Amino acid sequence: MPMNVILLERVPKLGQMGDVVKVKPGYARNYLLPQKKALRATKDNITYFESQRKVLEAQNLERRSEAEAAGAKVKDLKVTLIRQASEALQLYGSVTSRDIADGAGAAGVKIERGQVELDKPIKGLGAHKIKINLHPEVTVEITVLVARSPDEAEFLAKGGTLVAETERAALEAAEAARRAAEQAAALFEAKPPAEGEATESAAAEDAKTEETKAESEEK
């Protein structure tokens with residue numbers, strides 16, 4: 001049976017501060033209530049919230065300002081994670097939100113695991129855009145470079161794209177076939193006419209000359 005709660009801050013896809021919403025009991029007990037993002041929507045709690053609304057709004061504004069200042073420093077962050085992977089660019093394992101938070105910490109930026117918005121673990125090499133929720137109203141995007149070496153990470157940071165070995169072989173084969181076709185076409189165009197073709201062409205030219213000569217004599 002759904003539980004009614006009053007939100008103490010904005011919760012994405014749920015509501016704004018002060019909204020009374022229905023949620024699943026497990027979601028409320030395991031996340032909203034312990035994280036102090038909401039209170040059970042009892043008469044006493046609603047009265048308490050209304051009496052504290054201005055204080056809560058002021059605190060929220062202060063936290064948001066701090067988050068915005070932090071976001072300005074974090075938005076261009078590139079977190080490099082070196083991992084082993086197959087020729088198909090698939091990781092032997094995966095990259096989780098904890099890995100990203102730890103990688104950011106190693107780069108000198110403190111990010112909590114819970115702030116990393118990652119629906120599922122990263123399982124492939126490449127440059128991945130990841131959202132970081134610094135505040136319910138402040139979200140920034142960072143780049144996570146998952147590579148097999150620092151040089152490969154630098155290549156990704158400059159906008160490069162990794163290509164799987166199987167795909168690379170297919171691309172090289174297609175390119176070789178294209179070049180061969182172009183060379184064959186060029187050779188065909190440059191090839192002189194065969195001896196029989198040359199004779200026929202000469203005979204046709206002679207016949208045209210004789211015809212012109214005959215017309216001139218008639219005149």
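Here the structure is a predicted model, which means the values were calculated and not measured.
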> Please walk me through it: do Q84 and L91 pass side chain to side chain contact (heavy atoms under 4.5 Å, CB included)?
Replying inline: CA-CA 6 Å; Q84 293 185 332; L91 301 182; over 6 Å; no
> Are V109 and V140 linked, directly or through other ILVMFWY residues, by side chains that come within less than 4.5 angstrom of each other?
Replying inline: yes
> Any side chain to side chain donor-acceptor pair (under 3.5 Å) pairs touching residues 120-130, not counting sequence neighbours?
Replying inline: K129-T143
> When rounded to the nearest 0.5 angstrom, what is the spacing between CD in E57 and CD in E62?
Replying inline: 14.0 Å
> Are side-chain heavy atoms of L125 and R148 found at a separation under 4.5 Å?
Replying inline: yes
> Taking side chain as C-beta onward, heavy atoms only, is I132 less than 4.5 Å from T139?
Replying inline: no
> Step by step, would you call M17 with N60 a side chain to side chain contact (heavy atoms under 4.5 Å, CB included)?
Replying inline: CA-CA 9 Å; M17 177 189 292; N60 179 68; 3.7 Å; yes
> Can you tell if the side chain of V11 reaches within under 4.5 Å of the side chain of Q16, non-hydrogen atoms only?
Replying inline: no
>> Do F155 and L162 make a side-chain contact, defined as non-hydrogen atoms from C-beta onward lying under 4.5 Å apart?
In response: yes
>> According to salt bridge (charged side-chain N to carboxylate O under 4.0 Å, His left out), who are the partners of E154, at least two apart in sequence or on a separate chain?
In response: K158
> How many angstroms lie between atom CG of N45 and atom CG of L8, to the nearest 0.5 angstrom?
Replying inline: 8.5 Å
> Residues in side chain to side chain donor-acceptor pair (under 3.5 Å) with E117, at least two apart?
Replying inline: N133
> R64 versus V138: any side-chain heavy-atom pair under 4.5 Å?
Replying inline: yes
>> Pair I122, L81 - check side chain to side chain contact (heavy atoms under 4.5 Å, CB included), show working.
In response: CA-CA 11 Å; I122 297 171; L81 299 175; over 6 Å; no
>> I'd like to check V5 versus V20 (side-chain heavy atoms, cut-off strictly below 4.5 Å). Are they in contact?
In response: no
>> In the structure I gave you, are the side-chain heavy atoms of L7 and L14 within less than 4.5 Å of one another anywhere?
In response: yes
>> Suppose we screen for side-chain contact (heavy atoms from CB on, under 4.5 Å). Which residues come up paired with A157, at least two apart in sequence or across chains?
In response: K78, L145
>> Which residues pass the side-chain contact (heavy atoms from CB on, under 4.5 Å) test with N30, not counting sequence neighbours?
In response: none
>> Test: ring pair (Phe, Tyr, Trp, His ring centres under 6.0 Å). Region: residues 9-62. Which pairs qualify, not counting sequence neighbours?
In response: Y27-Y31
> Which atom pair, heavy atoms only, marks the closest approach of P25 to M1?
Replying inline: CG-O, 3.0 Å
>> Tell me the closest heavy-atom pair linking L156 and V146, and the distance in Å.
In response: CD1-O, 3.7 Å
>> Show the nearest heavy-atom pair for residues A147 and A153, with the distance to one decimal.
In response: CB-N, 3.5 Å
>> Side chains of I111 and L77, heavy atoms from C-beta outward: is any pair under 4.5 Å?
In response: yes
Return all side-chain donor-acceptor pairs below 3.5 angstrom for residues 94-103, not counting sequence neighbours, or 'none' if the list is empty.
| unit_1 | atom_1 | unit_2 | atom_2 | d |
| --- | --- | --- | --- | --- |
| T96 | OG1 | R98 | N | 3.4 |
| T96 | OG1 | D99 | N | 3.4 |
| T96 | OG1 | D99 | OD2 | 3.2 |
| D99 | OD2 | T96 | N | 2.9 |

>> Give me each pair satisfying salt bridge (charged side-chain N to carboxylate O under 4.0 Å, His left out) with a member in residues 24-50, each pair once, sequence neighbours excluded.
In response: E9-K37, E50-R53
>> Do L56 and I46 sit in one hydrophobic cluster, given that two such residues count as connected whenever their side-chain heavy atoms are within less than 4.5 Å of each other, even indirectly?
In response: yes
> Mind checking what makes side chain to side chain donor-acceptor pair (under 3.5 Å) contact with R10, not counting sequence neighbours?
Replying inline: none
> Would you say L39 and M3 are hydrophobically clustered, going by side-chain heavy atoms of ILVMFWY under 4.5 Å?
Replying inline: no
>> What's the separation between atom OG1 in T47 and atom CD1 in I6, rounded to the nearest 0.5 Å?
In response: 9.0 Å
Show me the donor-acceptor pairs within less than 3.5 Å that the side chains of residues 66-76 make with the rest of the protein, sequence neighbours left out.
none

